[in-house]
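Written out below as structure tokens is the structure these notes cover.
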Amino acid sequence: MTEKDNISAVSGIGPKKQALFYKLGIHTLRDAQDYYPRDYEDRTRILPVAQLTEGQRAAIFVTVGTEPTTRRVRKGLDITRFKVFDASGVLWLTYYNNRYGTAVLHVGGTYVFYGKVQGSGAQRTMMNPASEFVPKGAEPPRRMQPIYPLTAGLTQKDFARVMAQALAAPCGAEWLPEDIAQRYQLLRHAEAVQLIHQPPNARAIALARRRLIFEELFLLCCGLARLKDRRTDAVGLRFSQGTPEDFWKLLPFAPTGAQVRAAREIWQDVQTGRPMNRLVQGDVGSGKTVLAAVLCYLAAQNGYQSAIMAPTEILAAQHMESLSGIFARVGIRCALLLGSMTARQKAACKAQIAAGEVQVVIGTHALIQKDVAFHNLGAVVVDEQHRFGVAQRAMLHEKGQTPHVLVMSATPIPRTLALILYGDLDVSIVDELPPGRTPVETFAVGERMRRRIEAFIEKQLVAGGQVYVVCPLVEEGELPLKSAEEHGAALQKCLPHRRIGVLHGKMKAADKDEIMRRFAQGEIDVLVATTVIEVGVNVPNACLMVIEDADRFGLSQLHQLRGRVGRGTRESYCVCFGADKGAQAKERLKVLCGTNDGFEIARADLAQRGPGDFFGKRQHGLPVLHVADLSADLSLMQQAKDEAAALLARDPLLAAYPELRERVRQMFSDHAQEIFN
């Protein structure tokens with residue numbers, strides 16, 4: 001890399017800004033080319049003020065009519081307001097905590113503002129709009145304005161500076177095989193990069209995205225296919241003792257048909273002599289933990305230890321409680337290893353693990369610490385696997401000699417998508433709920449039902465139940481919503497005689513676990529939380545889930561949250577506020593009210609979701625995808641998978657395609673040695 005290729009060569013990007021770009025993984029101009037906008041503001045069409053409607057994002061060309069005035073609402077919140085006008089009407093502009101940004105706007109100046117309109121009539125306002133000065137008499141600029149994901153300290157103007165120079169630099173050689181590009185009528189890579197950053201219109205964005213999405217999915221499919229081929233050839237442990245049928249005899253209940261089917265698939269895998277790499281995917285409460293127990297039982301019967309890694313201490317403790325009693329009946333010993341244990345407790349537990357005195361080890365990230373040594377690890381279970389990255393799973397895997405691996409996910413995904421997405425895993429679908437699970441009655445309500453719902457909360461508490469209240473995370477630049485802490489305080493005033501607990505992501509892990517423990521033990525009546533409770537402890541006594549601003553969540557996420565209740569014998573309910581937020585919100589929530597089937601909800605989510613709702617940001621531990629959306633781009637995914645399979649059948653090591661081979665290695669950097677050696 002030459003000095004002129006580094007972003008430090010860009011005028012106006014000093015050492016501090018440079019460090020922030022590095023934080024985003026942007027070191028060079030080529031890195032900047034590959035850092036795509038997350039959205040666009042359509043400023044090609046400028047609307048008259050009179051035509052603006054509530055909820056609309058729009059560009060307006062107006063004159064500032066009044067001086068911006070700022071008032072402090074409370075500590076940490078300033079509101080700045082002023083009026084603007086054009087020939088058609090007058091509009092308020094409202095900014096939060098931006099008195100310095102608005103200070104440069106002057107009365108009589110003409111500007112293009114772009115933002116979201118809220119309210120109607122005299123209360124109509126545009127919230128936190130972006131602004132661009134237009135000299136008197138000049139035509140307002142009309143463009144698709146790229147919006148980049150930022151980090152604190154960087155602005156969109158910083159990105160514009162870097163991108164202008166990056167797009168003037170060479171883009172690298174074309175690497176997608178020409179016959180594939182022609183077959184799908186794809187742009188060349190260099191042209192797609194230019195258009196994704198500087199699109200003249202929406203059609204240009206669509207063409208650029210199609211090429212970039214296809215190439216990203218093509219690389220993903222090439223890498224996953226190579227990983228699967230390599231693992232098929234690997235030599236692993238062969239289990240021959242014990243059967244799932246033997247294990248079922250230990251349970252006080254009969255397994256469901258789906259559990260029997262998945263257990264049989266696990267049993268077939270561990271007999272082959274190749275390492276099992278299987279995903280068990282099932283709805284909330286479908287009994288996936290029983291399948292983890294099947295694998296641990298089979299490992300113990302064949303003289304091997306097993307490890308179960310859970311995302312939270314309280315979930316790990318819950319696994320310990322539910323499994324240790326079952327295993328004790330056949331002399332299988334369990335141990336619990338947690339980060340919060342004392343040094344003496346940890347040392348004793350690690351000594352037992354190393355000596356082989358315990359067969360099943362349950363824990364959190366504590367399991368992957370360097371000083372945890374297994375006697376003979378033969379099976380690994382990763383619970384709620386999207387909470388762990390590839391590297392963390394690999395660290396646990398490396399504590400044994402090619403152990404069998406079972407990963408479990410409660411995020412329902414349509415089977416076709418799961419088979420493509422988890423190309424390096426075999427997939428078992430658990431699509432039945434065990435008998436005795438209480439269906440959760442779900443209601444979508446508007447704000448006018450607030451008092452009735454507060455009375456309903458009290459009614460459930462009087463009957464001895466417990467309640468979750470979930471608040472969304474507040475996004476920057478929007479009308480202030482109640483935070484979990486604020487909502488908890490308001491609820492405490494409404495229910496002064498009740499014990500209210502608050503849980504959110506900024507709390508320390510130990511504090512979060514303590515709050516969840518107290519709720520699980522009935523010491524807290526109402527738990528007000530953000531989505532940190534999505535993967536949480538089993539609280540059979542919790543019978544009501546209230547979700548604030550439910551229109552801001554994806555359907556699949558709402559279903560995950562709803563799965564926190566209905567786990568005991570109490571009749572259970574889920575109440576979603578947001579039905580009064582427009583026709584689209586009402587229609588989405590109607591789907592949730594109509595079914596408790598997570599797979600049905602997943603299909604609806606695919607059909608009507610907003611970007612990012614379905615999988616969230618983590619992409620399930622796969623290589624990070626910058627532009628492709630694994631749910632929305634399903635047809636392109638299938639085409640990319642077919643083309644990758646055909647190419648690898650002809651040239652398994654991509655010897656004739658060195659540029660493509662290098663791109664695959666870069667994407668799968670965690671597995672670079674494994675893929676092509």
Side-chain angles (χ1 to χ4, degrees), residues 28-38 40 144 146 163 166-229 416-417 419-421 423-424 611 619 622-669 671-672 675-676:
T28 66
L29 296 179
R30 176 70 69 83
D31 293 336
Q33 290 173 358
D34 292 340
Y35 194 85
Y36 304 129
R38 64 170 169 80
Y40 298 87
M144 298 297 291
M163 288 301 169
L167 293 175
C171 199
E174 179 64 42
W175 55 266
L176 189 69
E178 196 172 330
D179 60 323
I180 295 176
Q182 287 179 353
R183 194 151 43 245
Y184 296 98
Q185 298 181 310
L186 299 171
L187 299 178
R188 294 186 67 77
H189 178 77
E191 188 181 0
V193 167
Q194 194 76 33
L195 289 179
I196 203 79
H197 292 294
Q198 292 183 339
N201 50 46
R203 184 173 181 274
I205 296 171
L207 289 172
R209 273 181 54 79
R210 189 166 178 274
R211 159 66 203 233
L212 296 170
I213 288 167
F214 185 93
E215 69 177 43
E216 195 166 49
L217 294 176
F218 182 72
L219 291 172
L220 178 70
C221 291
C222 284
L224 290 175
R226 283 295 307 158
L227 278 177
K228 194 159 189 176
D229 284 348
T416 310
L417 179 58
L419 291 171
I420 295 172
L421 172 60
D424 66 329
Q619 302 289 8
L622 289 171
V624 173
L625 299 181
H626 299 290
V627 63
D629 183 323
L630 289 170
S631 52
D633 301 317
L634 194 52
S635 60
L636 271 183
M637 181 73 166
Q638 187 63 57
Q639 292 168 352
K641 183 172 186 277
D642 293 343
E643 291 294 346
L647 184 64
L648 289 168
R650 298 193 305 270
D651 186 354
L653 295 178
L654 300 178
Y657 304 93
E659 286 276 353
L660 169 57
R661 179 186 166 108
E662 184 53 35
R663 289 264 181 166
V664 175
R665 286 175 69 97
Q666 286 171 9
M667 177 179 263
F668 285 80
S669 54
H671 300 279
I675 282 186
F676 288 115

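Hydrogens, waters and symmetry mates play no part in the numbers below; they use all other heavy atoms, side chains included.
Phe218 and Trp175 have parallel rings, their planes meeting at less than 30° on a 0 to 90° scale where 60° marks the start of perpendicular.
A heavy-atom distance below 4.5 Å is found between the side chains of Leu653 and Arg226. Within the 4.5 Å cutoff, side-chain heavy atoms of Met667 are placed close to those of Glu216. Leu187 has its side chain out of reach of Phe214: every pair of non-hydrogen atoms, C-beta onward, lies at least 4.5 Å apart. Annotation: side chain of Leu29 is not in contact with side chain of Leu167 (no heavy-atom distance under 4.5 Å). Residues Leu176 and Leu660 fail the side-chain proximity criterion, which asks for heavy atoms closer than 4.5 Å.
With hydrogens and angles disregarded, no donor-acceptor distance shorter than 3.5 Å links the side chain of Arg661 to the backbone of Ala655. In this structure, Arg210 contributes its side chain and Tyr184 its backbone to a donor-acceptor pair below 3.5 Å. No side-chain donor-acceptor contact under 3.5 Å links Gln33 to the backbone of Thr28.
Of all heavy-atom pairs spanning Pro200 and Leu195, the tightest one is CD-CD2, 3.9 Å. Across every non-hydrogen atom of His197 and Tyr35, the tightest pair is CE1-O, 3.0 Å.
Of the charged side-chain nitrogens involved, at least one lies within less than 4.0 Å of a carboxylate oxygen, so that Arg211 and Glu215 count as a salt-bridged pair. Salt bridge annotation for Arg30-Asp34: absent, with no cationic side-chain nitrogen under 4.0 angstrom from a carboxylate oxygen.
Applying the ring-ring contact (aromatic ring centres under 6.0 Å, His included) rule to pairs touching residues 636-656 yields nothing, sequence neighbours excluded. Applying the ring-ring contact (aromatic ring centres under 6.0 Å, His included) definition to pairs two or more places apart or across chains, none involves residues 636-659.
For the side-chain hydrogen bond (donor to acceptor under 3.5 Å, both in side chains) test, no residue two or more places apart in sequence or in another chain qualifies with Glu191.
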